[in-house]
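Encoded as structure tokens, the structure appears first; notes follow it.
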Amino acid sequence: MVKGGKRLEGEVKVSGAKNAALPILVSSLLVDGWNTYHNVPRLMDIESTKVLLSKLGADLETDGHEVRINARGFNNHEAPYDLVRKMRASILVLGPILARLKKARVSLPGGCAIGARPINLHLKGLARLGAKIDLQHGYVEAEAQQLKGNEIYLDVATVTGTENLMMAAVLAEGTTVLRNAAREPEIKALADVLVQMGADISGAGTSIMVINGVPELKPVSVSILPDRIETGTLMVAAALTQGDVTLVGCEPAHLEAVTHKLRLTGADVVSRGSSIRVRGPAEIASVDIKTLAYPGFPTDMQAQFMVLMSVAKGLSMISETIFENRFIHVSELKRMGADINVSGNTALIKGVPQLSGAPVMATDLRASASLVLAGLAARGTTEVRRVYHLDRGYESLEKKLALLGADIYREKE
Ligand code: EPU
């Protein structure tokens, strides 16, 4: 439940990045021995990953935000449908299973609320590394006695596809060149961990990555980088409420596109070291955005930015170019009084003076965050249902917002 109208003020610490933690925890499968991970966010998707890794035979220990994983007992090559359907990122185990156990059987993830989300490029890439791939009964069945390095060109710079291929290539024989690799900070974070394990990778964070295979890797102790999408979500919350919020423990360099657009809305954004201070404008100016792969404006921030534009002065245009169905929050925002028209992959938003609180339904992770933000700015009370979507990727969002002065609490469903 969110009662709108409160100005957010104060300081809050950002959690570790979900989309970095997922592949990094999975990379523990590449080595025998205890790996230690610090600053792991406490999220449903992290829990799902831990269940999957333990199902594959790894030993795990958790103490707050520290997770330890040892893949010494890793001997199961199958990731079942029941786990993969809960979290698409489970497909990340395909590369490591194949690299270590020579064969893998991983359920196909299927579509999700935001789009079809195929994994054809993960599979094509693994085939280029010499894997024999079959699709049987809803599962990917892959086999390779020894993966061999090769040139791989990705038609689309897929994030988890790049990560899967990196984890397969580090233990392959010879050199792999990944062209049109994804450049998200989470890719560089995974590469840093793999290099610390003893892998030979250059070019991570650029679109051409060169990986020289090594025979084996060693365990590591690493810390997960801050979550740039959680940071961006809280930055929008500050701008939306005419607030004055400082986010600490974040990485401003990963938020340049979001910062740039927020400044155009009139917000005052100042970064210093690992903190960002956002002061919201008295009147929000309309700004157009187009989602793009990093370093462009992130699709994972599109729904939140749309809420800001819903109460801006004037007309703004938001184009979603990454996922084909990522406007599902629009109908809920309209129920709160937003004036939005969607045509194809473009939304036209005519700012209204104020939204009005309503019962709304969360449909996916970032859409649910956007509804919470809308509630902060709306007149009256907003009840966001199905908040489990939020718990997949935000650690205690309502507590962080309450700390900043929001009138928000969780009711048991
Ligand atoms: N694509 C293909 N073929 C493939 C793989 C992807 O055509 O084999 C297409 C997709 O359909 C999409 C585009 O490539 O149009 C980009 O998708 P990508 O594969 O990069 O997305 P992803 O790896 O499945 C990750 C994040 C998403 C984030 C996207 C885009 C993780 C675990 N997930 O997904 O995060 O939106 O990159 O940045 O890293 C979220 O956190 O809410 C979330 C959805």
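As the structure lists them, so they are numbered: ligands from 1, and atoms in each ligand from 1. For clarity, every value in this text was computed on a predicted model and none was experimentally measured.
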field: Note: E186-R228 ion pair, threshold 4.0 Å (strictly below)
entry: yes
field: Residues lining ligand 1 [heavy-atom distance under 4.0 Å, listed by chain and residue number]
entry: K18, N19, L22, A89, R117, P118, I119, N120, L121, H122, V156, T158, V159, T160, T299, D300, I322, F323, R326, L365, R366
Residues K18 and D300 bridged, charged N to O under 4.0 Å: no
message: Do the side chains of R326 and E320 get close enough for a salt bridge, i.e. N-O under 4.0 angstrom?
response: no
- request: Enter the distance from M167:CE to I24:CD1 here, rounded to the nearest 0.5 Å.
  value: 9.5 Å
message: One thing to verify: whether D192 and K188 come together as a salt bridge, which I'm taking to mean a side-chain N less than 4.0 angstrom from a carboxylate O.
response: yes
task: Run the salt-bridge test on E143 and K103 with the 4.0 Å N-O cut-off and return the result as yes or no.
output: no
